[in-house]
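To start, the structure itself, in structure tokens.
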There are 2 protein chains.
Amino acid sequence: MSGLLGRHEFQIDAKGRVSLPSAFRRAVSAHPLVLLQWQPTHLDLFPRETWNEIRKNLLAHRKAQRDGGAYLRGITSNSFEIEPDTHGRIRIPGWLRERAGLEDTVLFVGALDRIELWRPDRFEAHLCEREGDDDDFAVQIFG
Amino acid sequence: MSGLLGRHEFQIDAKGRVSLPSAFRRAVSAHPLVLLQWQPTHLDLFPRETWNEIRKNLLAHRKAQRDGGAYLRGITSNSFEIEPDTHGRIRIPGWLRERAGLEDTVLFVGALDRIELWRPDRFEAHLCEREGDDDDFAVQIFG
DNA sequence: ATTCATCCCATCGTATCCCATTGAATCCCA
DNA sequence: TGGGATTCAATGGGATACGATGGGATGAAT
């Protein structure tokens with residue numbers, strides 16, 4: 001598989017449901033997903049494999065630090081397990097929608113091992129803002 | 001399973017009962033849970049698996065330290081076995097409620113292998129207070 | 001006898017399931 | 001290669017099941 005790619009804009013209906021892009025739906029098969037916020041700009045939706053890795057990292061971090069799991073709880077309290085319905089739709093809980101500024105439209109952005117959920121205009125702004133910042137890396141990456 | 005996730009705010013009724021969030025109820029199946037306080041800010045509710053691990057650690061500590069028994073008894077004396085009723089509700093003993101400042105509302109916070117019980121306003125304050133402290137860890141954990 | 005916990009039943013609101021509709025992309029065959 | 005038929009994806013709405021909460025009744029303990 002090539003990883004999760006592309007952008008797809010979908011509507012949130014009156015009951016708070018959104019379709020997962022069908023391309024992503026096939027890719028993540030039937031397992032539940034984890035939706036959370038760890039960056040202020042958007043939400044991340046993790047397939048099972050990726051989440052297992054991250055969960056391991058979170059637990060290791062809690063053991064290593066002295067703060068009694070403060071970072072972990074900051075993350076998990078903003079997390080939610082997502083199980084698509086029979087039509088491949090998901091529900092985003094209100095408190096997460098607010099945090100990401102999602103109103104009636106969601107932009108799904110594929111990011112190889114995860115799916116990002118953006119407020120469309122915010123995503124455009126984010127791209128513009130960084131325009132040209134990374135030209136040095138480009139050559140290293142694409143040779 | 002993805003671990004215990006999310007935040008859920010529930011009322012304590014006139015008889016001192018609170019519903020366990022249904023998401024958590026399913027996750028911990030039918031086994032009894034252990035509720036205790038080991039951090040001043042909140043209470044922790046441990047599923048069977050997690051508690052077995054912790055109990056092992058407590059006993060090991062008592063054996064290893066000269067006055068290890070003191071720590072153990074400090075913990076166990078603030079502990080309580082919880083068994084949800086037929087509707088999935090639990091009762092929090094008064095002395096534990098006081099210690100965590102719980103009055104009429106409980107905020108349940110999922111923390112992967114345990115459930116934390118917070119006084120809602122205290123939790124908000126706790127999150128704000130740490131805002132931005134951990135930005136360095138974020139990249140290590142989430143890649 | 002009085003207090004308190006447990007059980008049972010009732011209610012209300014919301015999330016979930018199921019079916020229907022629309023439109024677009026794909027397939028098939030001439 | 002064009003045009004019609006067919007499948008699939010995205011969305012909407014009604015019905016149903018389940019979750020959250022309240023209150024009365026039963027039973028145990030002091």
Side-chain angles (χ1 to χ4, degrees), chain A residues 4-35 43 45 79-98 102-110 115-120, chain B residues 1-2 4-35 45 47 79-98 102-110 115-120:
Chain A
L4 299 158
L5 301 172
R7 63 169 84 176
H8 310 262
E9 197 171 311
F10 284 134
Q11 301 301 314
I12 302 179
D13 72 16
K15 295 184 182 180
R17 300 173 296 189
V18 213
S19 289
L20 261 191
S22 66
F24 295 164
R25 216 181 300 165
R26 283 189 294 271
V28 301
S29 73
H31 299 295
L33 303 157
V34 173
L35 179 69
L43 307 178
L45 184 60
S79 303
F80 191 77
E81 183 171 271
I82 295 261
E83 196 136 13
D85 71 11
T86 48
H87 285 30
R89 282 185 287 198
I90 64 172
R91 257 194 90 259
I92 305 173
W95 85 83
L96 279 176
R97 270 168 72 173
E98 274 178 36
L102 301 176
E103 284 169 10
D104 53 353
T105 310
V106 182
L107 180 67
F108 292 87
V109 179
I115 300 161
E116 297 181 353
L117 278 63
W118 285 79
R119 182 195 167 103
Chain B
M1 225 260 290
S2 319
L4 299 158
L5 299 175
R7 59 172 84 181
H8 310 263
E9 197 170 309
F10 285 136
Q11 301 302 314
I12 302 180
D13 72 15
K15 296 183 182 180
R17 302 173 295 188
V18 213
S19 289
L20 261 190
S22 67
F24 296 164
R25 217 180 299 164
R26 282 190 295 271
V28 301
S29 73
H31 300 294
L33 303 156
V34 173
L35 180 69
L45 185 60
S79 302
F80 191 78
E81 181 170 271
I82 295 263
E83 195 135 14
D85 72 10
T86 49
H87 283 34
R89 284 186 283 198
I90 64 172
R91 270 187 51 74
I92 305 171
W95 84 85
L96 279 175
R97 268 168 73 172
E98 274 178 37
L102 301 175
E103 285 170 11
D104 54 352
T105 309
V106 182
L107 180 67
F108 292 88
V109 178
I115 300 161
E116 299 182 351
L117 278 62
W118 285 78
R119 182 194 167 102

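Nothing here was measured: the structure is a model prediction, and the numbers come from that model. Lettering follows sequence order; numbering is per chain, from 1.
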Review point. Nearest 0.5 Å, what's the CG-CG distance between B:L96 and B:L117?
Key: 10.0 Å
Practice item. Classify the nucleic acid contact of B:S22 as base, sugar-phosphate or nothing, counting any heavy atom under 4.0 Å across all strands shown. Key: sugar-phosphate
Review point. Looking across every strand, which nucleic acid part, if any, lies under 4.0 Å from B:I12 by heavy atom: base, sugar-phosphate, or nothing?
Key: nothing
**Study point:** A:R25 side-chain N/O to D:dA10 phosphate OP1/OP2 under 4.0 Å
**Key:** yes
Review point. Is there a side-chain contact between B:L45 and B:F24 (heavy atoms, below 4.5 Å)?
Key: no
Practice item. Return the value, rounded to whole Å, for the distance between atom NE2 of B:H87 and atom P of D:dG22. Key: 13 Å
Check your understanding: Side chains of B:L102 and B:V18: does their closest heavy-atom pair fall under 4.5 Å?
Key -> no
Study note, to complete from the structure: Rounded to the nearest 0.5 angstrom, the CZ-CG distance for B:R119 and B:L107 is 12.0 Å
Check your understanding: Between C:dC17 atom C1' and A:I90 atom CD1, what is the distance in whole Å?
Key -> 17 Å
Review point. Going by the salt bridge (Lys or Arg N to Asp or Glu O under 4.0 Å) test, which pairs reach into residues 17-29 of chain A, not counting sequence neighbours?
Key: A:D13-A:R17
Practice item. Could you tell me the separation between the CD atom of B:E9 and the C1' atom of D:dA20, rounded to a whole number of Å? Key: 14 Å
**Study point:** Atom pair distance, as rounded to whole Å: CZ in A:R89 and P in D:dT11
**Key:** 9 Å
Review point. Over how many whole Å does the gap from A:F10 atom CZ to D:dC8 atom C1' extend?
Key: 12 Å
Check your understanding: Roughly, in whole Å, what's the span from CG in A:D85 to C1' in C:dC19?
Key -> 13 Å
Review point. Which whole-number value in Å describes the distance from A:R17 CZ to C:dT16 C1'?
Key: 9 Å
Review point. Angle, rounded to 10°, between the helical axes spanning five pairs at each terminus of the helix from C:dA1-D:dT30 to C:dA30-D:dT1?
Key: 40°
Exercise for review: Any chance you could measure B:L35, atom CG, to B:R91, atom CZ, to the nearest 0.5 Å?
Suggested key: 12.0 Å
Review point. What is the distance from NE2 of A:H8 to C1' of C:dA25, rounded to the nearest Å?
Key: 15 Å
